[in-house]
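Notes for the one structure printed next.
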Amino acid sequence: MDDPFELSDTPSTPSARAAPGPAPVTAVRSPTYLDALNPTQRESVEATEGPVLILAGAGTGKTRVLTTRLAHILAQGKARPWQILAVTFTNKAAREMRERVAELAGAAVEGWWLGTFHAIGARILRVHAEAVGLKSGFTILDTDDQLRLIKQLLEARNVDPKRTPPRAALAIIQRWKDRGLTPDRISEAEGAEAMDGLALPLYHDYQARLATVNAADFGDLLLHGLTLFRSAPDVLARYQRQFRYILVDEYQDTNVAQYLWLRALAQGHHNICCVGDDDQSIYSWRGAEVGNILRFEHDFPGARVIRLEHNYRSSPHILAAASGLIAHNRSRLGKTLRTDRGAGDKVLVRGVWDGDDEARMVCQEAERLTGCGHRLSEMAILVRAGFQTRAFEERMITIGMPYRVIGGLRFYERQEIRDAIAYLRVVFQPGDDLAFERIVNMPKRGIGIASLRAIHTLARAESLPLTAAAERLIETDELKPAARRALARLLADLARWRDDVPRVPGPELTRRILDESGYTAMWQRDRSPEAPGRLENLKELVSALEDFDSIPGFLEHVSLVMENDENGMADKLTLMTLHAAKGLEFDTVFLPGWEEGLFPHQRALDEGGTSGLEEERRLAYVGLTRARQRAVISYAANRHVYGYWQNPMPSRFIGELPEDAVDTVVATGLAAGPAARRPQEASAEPLMEPETGNAVVTGGRSRRAARVIEGVPYRSIPRSAATGPFHPGQRVRHGTFGEGQVVAASGDVLEIAFDSVGTKRIVQSFVELVA
DNA sequence: TCCCTCCTTGTTTTT
DNA sequence: CAAGGAGGGA
């Protein structure tokens, strides 16, 4: 390698398949935890020395391999815990790994470096902050802060925010950071090109501003790490010596900065093991580089490549459908997933009239499955885009089907939570200008832009933090009396809260701050429908604080962890995007909206060309491989989108599914999807599903007569036999809405007056009698 | 300073 | 269609 911090060219040819390799050398009697593994999994665990790349297909037991490998290294005494570095992308993955290793090892492992790239980056940076121009107590910015900062900088340069949207500018800077590029390393040509040459100077401004406010954004946690390693070889050498074993999860999602960071650290012992699946790379738009998989063998000569190809999750039909689909991608390393499970259902492709019909169909099927003893918590609806959830939510609300939506705004991203945290930041970190700006007029206290500008001017002139400048300013008569009084009051409050810190426990102090600042009152006064929920969230925040020893400890936690931990135990159907579903699995997966323009998404096609299309296809692959037993794909002939009706074509992905693995059911009167077209032409009269009147078409091109799908699908099978018919007057209980009284019953739909949420119409299979 | 109305712009998202 | 931002008027 010529320059340890430069990227080599990506080798263009994927490696040949790994040879079986020599039999692993093992101890006389191998530990029992290895018995649970198949030969390749075991090989992956035992190949502890030297660089290893594990290509782990969907459902091949990746997490088991990873955790067993860690436990193995510890059990064999190859390293002490602090000599192990294990990086993941999400806190959830880190937590899961921690728990599962503890289970295998019989005790929690203390002192190892397990965490997200960002958490570990921050941990290292806290120690060496000075080396990159920060102080150890630096704040970590959230997206809101970043955007506000960019806006200010654009304003300072008199740039029209319409022609140069702050979001776009931030995105460019972030992509640079993803590539490990500090402002000084961006080529002249690229700098001149990005946003008419505006982005690069803006990037300079941005970094300078971050340094003055002693802050780092997420990208910096790695980028500064790289700078540190470059400028202080002795520091790097220390970490290289320390980390005897390095392990990386979801390797296909690493960006270049993360890759360089890893590669630098691995130069000590070369014991780096990366686990990933190029077919599940779905985050290139966020800077992830699948090329890192190809680079691995190039940069770590002699790297061992192990493929995990035995799938333990999905039925053969699902696996065949997924494999057949992904085979249409040109750029992939290639894996062949195998299973030895019994046949199972074919993947079902349903053509429906419109989005409402689709929601009805999906819910009806989910309901039918619950009637056969399947749990809602084992089903998921996976959508391409967030807005698609609405139709399903509406339907589930009307029939009273319990559900939960994953994603959307996470807890710590909500406005009220960010505001509350900003108050804490100002109290504990008086130099935190961004937090100060956020709360200075929230709730409205008459400190507008004019006053804020005055504070800014003074702060800049005297190079003071905003709080200090504000304190100076209220001594003068520069502000209008009203503003001056309001600001003085706020500063006095802040001072008092800071005084309280040693005496008052965190949760209590937080409650006091929210009340005395008028923040709670602001939402209590608010008449909008979301206000009560916001107050609820604030309470939740206060109780979350109880798990922390100190507020600063809590603040470090929230700046790195953005999750909402929900009570995941309840029996609810899960609704989320395909992206959010990666790493999860369900018995039944519904995949709606497989239409050209929506999936593959038009924008991915327009902006990404062939590689964009291939990433969409990988997303489809991820969706299908989430299913253990059943997958139902659907497309609508009419879709209401952005206010108008469109008549999309069924997704090309449907036509790419191997015919033998799918059954197709198309609503009467609709053109069949590509997979169904031919057999319909071949047979003179379309067969009808006896109960619904739907045309039934199976996948086989050569087959002349279509097979009616076993059983009678898509009719709800009420559970009245088990629960008995309901009568007005009875007390019933519902999973989401609690208890209530039956007002009326017609068919299997009940009208129920719930004690807490009012009257709703509920399908009877979702309620039970209260004894 | 605040509030209302008009206009634009619509993927995916962790840390 | 709906939400969020900008700009104008009170």
Exercise for the section: May I have the distance from A:Gln646 (atom CD) to C:dC1 (atom P), rounded to whole angstrom? Expected result: 14 Å

Handout entry: Nearest-neighbour nucleotide for the A:Glu616 side chain, B:dT15, B:dT13, B:dT11 considered
Key = B:dT11

Handout entry: Under 4.0 angstrom between A:Arg603 side-chain N/O and B:dG10 OP1 or OP2
Key = yes

Handout entry: Distance flag, aromatic centroids of A:Tyr239 and A:His128, threshold under 6.0 Å
Key = yes

Handout entry: Among B:dT15, B:dT12, B:dT11, the one nearest A:His118 by side-chain distance
Key = B:dT15

Practice task
Compare the aromatic ring of A:His601 with the six-membered base ring of B:dT11 and state whether they stack according to the 5.5 Å and 30° rule.
Solution key: yes

Practice task
May I ask you to check whether A:Tyr259 and A:Trp261 place their ring centers less than 6.0 Å from one another?
Solution key: no

Practice task
Report yes if at least one side-chain N or O of A:Asn441 is closer than 4.0 Å to OP1 or OP2 of B:dC2; otherwise report no.
Solution key: yes

Problem - Side chain of A:Thr90 (C-beta onward), nearest among C:dC1, B:dT11, B:dT14 - result: B:dT14

Handout entry: Side chain of A:Arg286 - closest among B:dT15, B:dC2, B:dT14
Key = B:dT14

Completion exercise
Atom CD of A:Gln252 and atom P of B:dT14 are separated, to the nearest Å, by 16 Å

Practice task
Map A:Glu615 and A:Gly446 onto DNA chain B by nearest heavy atom, then report which one ends up closer to the 5' terminus.
Solution key: A:Gly446

Problem - Phosphate OP1/OP2 of B:dT1 contacted by A:Ser451 side-chain N/O (<4.0 Å) - result: yes

Exercise for the section: In whole angstrom, give the distance that lies between atom NE2 of A:His579 and atom P of B:dT14. Expected result: 10 Å

Problem - Shortest side-chain distance from A:His640, nucleotide among C:dC1, B:dT13, B:dC2 - result: C:dC1

Practice task
Measure the shortest side-chain to side-chain distance between A:Asp277 and A:Lys62 over non-hydrogen atoms and say whether it is less than 4.5 angstrom.
Solution key: no

Exercise for the section: Have a look at A:Ala450 and say if it touches a base, only the backbone sugar-phosphate, or nothing, with a 4.0 Å heavy-atom cut-off. Expected result: sugar-phosphate

Completion exercise
The nucleotide from B:dT11, B:dT13, B:dT14 with an atom nearest the side chain of A:Trp285 is B:dT13

Practice task
May I ask you to test the A:Tyr403-A:Phe392 pair for a side-chain heavy-atom distance under 4.5 Å?
Solution key: no

Exercise for the section: Please state how far atom CD in A:Gln388 lies from atom P in C:dA2, giving the value in whole angstrom units. Expected result: 17 Å

Practice task
Please state how far atom CG in A:Asp178 lies from atom P in B:dT14, giving the value in whole angstrom units.
Solution key: 15 Å

Handout entry: Nearest-angstrom distance from the residue atom CD of A:Glu96 to P of B:dT14
Key = 17 Å

Problem - Side-chain N or O of A:Thr577 closer than 4.0 Å to phosphate OP1/OP2 of B:dT13 - result: yes

Exercise for the section: Could you tell me whether the side-chain ring of A:Phe218 sits stacked on the base of B:dT14, using a centroid cut-off under 5.5 Å and a plane angle under 30°? Expected result: no

Exercise for the section: Have a look at A:Leu434 and tell me which of A:Asp142, A:Asp145, A:Asp144 forms a side-chain contact (heavy atoms from CB on, under 4.5 Å) with it. Expected result: A:Asp145

